[in-house]
Each structure stands twice: as structure tokens, then as C-alpha cells.
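For reference, the structure is listed below as C-alpha cells.
A quick note: this is a predicted structure, and the numbers were derived from the prediction, not measured.
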Amino acid sequence: MSRSLKDATGPHLVSPPSRTPAARGADHERLLADLEAFTQGEQAARDEQRGA
């Protein structure tokens, strides 16, 4: 027996919780820091492979 996961009235769209500009800024800064750490780790791995 097949059962649909959709409600008979159709999909319900839920807005994401509103966030303050400060919270968005903090998320942006954390993302930049994570990307920088990733880039540094990637460069260190390349240097290690080359024997630097």
C-alpha cells in the first residue's frame, strides 16, 4: 500500500527563523575563518608532499 508523505493540502512552506544582522555577520566571519584554515591546511599538505 503506497502512502504519500505530502499533506492533502499541499506542501507547507516554513520561513527560516529571522536572524539579526550581527548573527549573520558572525556566521560570515566563521565561514571565512573556516575557509582560511582549510586553505592553510591544504597548502601545508602540498608542501609536505613536495618535501618542503
Side-chain angles (χ1 to χ4, degrees):
M1 176 174 173
S2 175
R3 291 180 12 192
S4 174
L5 297 177
K6 290 184 181 177
D7 185 284
T9 61
H12 299 283
L13 299 177
V14 177
S15 302
S18 63
R19 298 174 57 207
T20 65
R24 286 191 301 269
D27 286 345
H28 181 74
E29 292 299 319
R30 186 170 60 236
L31 174 62
L32 291 178
D34 287 347
L35 289 173
E36 178 65 21
F38 176 82
T39 301
Q40 290 174 354
E42 188 176 41
Q43 187 61 51
R46 280 193 200 122
D47 291 345
E48 186 176 308
Q49 284 180 338
R50 282 184 280 197

inquiry  = Please give the remaining members of the hydrophobic cluster of Leu35, linking ILVMFWY side chains under 4.5 Å, ordered by chain and number.
reply    = Leu31
remark   = With sequence neighbours left out, the residues meeting side-chain hydrogen bond (donor to acceptor under 3.5 Å, both in side chains) with Arg30 are Asp27
key: Residues that Gln43 engages under side chain to side chain contact (heavy atoms under 4.5 Å, CB included), provided they are two or more places apart   = Arg46, Asp47, Arg50
message = If the condition is side chain to side chain contact (heavy atoms under 4.5 Å, CB included), which residues does Thr39 pass it with, not counting sequence neighbours?
response = none
task = Tell me, please, which residues at least two apart from Gln40 pass side-chain hydrogen bond (donor to acceptor under 3.5 Å, both in side chains).
result = Glu36
